[in-house]
Engineer: 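Would you mind keeping the following structure in view while I ask a few things?
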Amino acid sequence: MLLLHGWTATADLNWSPCYPALAVHYEVIAPDLRGHGGGVRGRFSLEACADDAAALLATLGRGPSIVVGYSLGGPVATLMWRRYPEFVAGLVLCSTASSFAETKREHVVLSAVGSLRRAAGLVSPMGSEAWRNMLGERWVGAGGGFAELFAGILGGHDPVALCQAAIALREYQADAWLSSISAPSAVVMTTRDHLVPPARQLQLALSIPDCSLFRVEGDHAVCSLRPERFRKPLLAALDDVARRSNPSSCGAIQAPMVA
């Protein structure tokens, strides 16, 4: 299985609480997306991320795989099916939608972030030490090391790519072709989500033929902040898709993380 994380996150931040449970039944591949953490550098687009993911599976000889996309990872996963269906045995789409700028507020927020891309290009990416200094000792020393982890993650991102990702999310519209998805699919809906409205997640499930729906009580970051709530619905969705897709390989060995 291939795990694709959300915007401004990394594979570990998004998925690490789930790694042990997933690795019992699946071989897990979890890359950082383009411009995020240790991911590929270069101009960000959702299509480029799908190309990167397919190239990774081809290099590792691990296709077809179940592709799991969280938030931003959802469009990457569906575009991966559209561009490289031979690599996609099934789809599990978590806390995501077919569009992200349906309201005026969403359009304004994503446009505002995207407009910073030129300014971001004038500033060298800040390392984790600089972020620790900005967060301050009070925050770095609190929260069981979470601030240290957060500083390291922020320091690893390409700020220009993050701005480009905001524009990509603003422009993403998949309603016209979701009905053509033929891979076994499931949606994991976060029912208290303030970033991706649950109604929009439900509509995504209804738009994909024979798509299963699994619910998790939580907000958008439930995968990281309340993983005990998220793991069971995620595993149920994976098992459902695996049964319907019969992927050629579902080992119990966790693959090393690949950037």
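Small disclaimer: the values here were computed from a predicted structure and weren't measured.
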Engineer: Could you report the tightest heavy-atom contact between Arg170 and Ser111, atom names first, then the distance?
Structural biologist: NH1-OG, 3.0 Å
Engineer: Taking only residues at least two apart or on different chains, which pairs with a member in residues 88-114 satisfy salt bridge (charged side-chain N to carboxylate O under 4.0 Å, His left out)?
Structural biologist: Glu102-Arg200, Glu106-Arg200
Engineer: Do the side chains of Val160 and Arg43 get nearer than 4.5 Å, heavy atoms only?
Structural biologist: no
Engineer: Please check: side-chain N/O of Arg34 versus main-chain N/O of Gly39, any donor-acceptor pairing under 3.5 Å?
Structural biologist: no
Engineer: Apply side-chain contact (heavy atoms from CB on, under 4.5 Å) to Leu178 and Ile181, showing your working.
Structural biologist: CA-CA 6 Å; Leu178 287 176; Ile181 292 178; 3.8 Å; yes
Engineer: Can you sort out the partners of Glu171 under salt bridge (charged side-chain N to carboxylate O under 4.0 Å, His left out), two or more places apart, ordered by chain and number?
Structural biologist: none
Engineer: Over all heavy atoms of both residues, which pair between Trp81 and Ser180 is shortest? Give the atoms and the distance, please.
Structural biologist: CH2-O, 3.1 Å
Engineer: To the nearest 0.5 Å, tell me how far Asp52 CG sits from Leu33 CG.
Structural biologist: 8.5 Å
Engineer: Among all residues two or more places apart in sequence or in another chain, which pass the side chain to side chain contact (heavy atoms under 4.5 Å, CB included) test with Pro227?
Structural biologist: Pro17, Arg231
Engineer: Using the test side chain to side chain donor-acceptor pair (under 3.5 Å), find all partners of Arg192 that sit at least two apart in sequence or belong to another chain.
Structural biologist: Glu217
Engineer: Check side chain to side chain donor-acceptor pair (under 3.5 Å) between Thr190 and all other residues, then give those that pass, not counting sequence neighbours.
Structural biologist: Ser95, Asp193, Gln201
Engineer: To the closest 0.5 Å, what do you measure between NE2 (His5) and NE2 (His36)?
Structural biologist: 5.5 Å
Engineer: Could you grab the distance from atom OG1 of Thr59 to atom CG of Leu56, nearest 0.5 Å is fine?
Structural biologist: 6.5 Å
Engineer: Between Leu22 and Leu3, is any pair of side-chain heavy atoms under 4.5 Å apart?
Structural biologist: yes
Engineer: Between atom OG of Ser65 and atom CG of Leu2, what is the distance when rounded to the nearest 0.5 Å?
Structural biologist: 6.5 Å
Engineer: Is there a side-chain contact between Val92 and Phe214 (heavy atoms, below 4.5 Å)?
Structural biologist: no
Engineer: Test of understanding: with side chain to side chain contact (heavy atoms under 4.5 Å, CB included), list the residues that count as partners of Leu206, not counting sequence neighbours.
Structural biologist: Leu202, Gln203
Engineer: Rounded to the nearest 0.5 Å, how far does CG of Asp158 lie from SG of Cys163?
Structural biologist: 9.0 Å
Engineer: Quick one: list whatever passes side chain to side chain donor-acceptor pair (under 3.5 Å) with Ser71, sequence neighbours left out.
Structural biologist: His220
Engineer: Without swapping roles, check the side chain of Thr96 against the backbone of Leu93 for a donor-acceptor pair under 3.5 Å.
Structural biologist: no
Engineer: side-chain contact (heavy atoms from CB on, under 4.5 Å), that's the test. Do Leu162 and Phe44 meet it? Break it down for me.
Structural biologist: CA-CA 8 Å; Leu162 296 189; Phe44 183 97; over 6 Å; no
Engineer: Minimum heavy-atom separation for Ile66 to Ala89, with atom names?
Structural biologist: N-CB, 4.3 Å
Engineer: Taking the side chain as every heavy atom from C-beta outward, state whether Leu57 and Tyr84 have any atom pair closer than 4.5 Å.
Structural biologist: no
Engineer: Mind jotting down which residue pairs meet the salt bridge (charged side-chain N to carboxylate O under 4.0 Å, His left out) criterion with at least one end in residues 67-89? Sequence neighbours excluded, please.
Structural biologist: Asp51-Arg83
Engineer: Output every pair passing ring pair (Phe, Tyr, Trp, His ring centres under 6.0 Å) with a member in residues 172-194, not counting sequence neighbours, ordered by first then second residue.
Structural biologist: none
Engineer: Quick one: pull up CD in Glu228 and SG in Cys18 and give me the separation to the nearest 0.5 Å.
Structural biologist: 10.5 Å
Engineer: Output side-chain donor-acceptor pairs under 3.5 Å for residues 233-242, partner residues at least two apart or in another chain, one line each.
Structural biologist:
from, atom 1, to, atom 2, distance (Å)
Asp239, OD1, Tyr26, OH, 3.1
Asp240, OD2, Ser212, OG, 2.8
Asp240, OD2, Arg244, NE, 3.3
Asp240, OD2, Arg244, NH2, 2.8

Engineer: Sort and list the pairs that fulfil ring pair (Phe, Tyr, Trp, His ring centres under 6.0 Å) and have at least one residue in residues 87-106, not counting sequence neighbours.
Structural biologist: none
Engineer: Who are the side chain to side chain donor-acceptor pair (under 3.5 Å) partners of Asp175, not counting sequence neighbours?
Structural biologist: Ser98
Engineer: Where do Gly6 and Asn14 come nearest, in terms of heavy atoms and distance?
Structural biologist: N-OD1, 2.8 Å
Engineer: Please report the closest heavy-atom contact between Met189 and Leu213, naming both atoms and the distance.
Structural biologist: CB-CD1, 4.0 Å
Engineer: What's the shortest heavy-atom distance between Trp7 and Leu72, and which atoms?
Structural biologist: N-CB, 3.4 Å
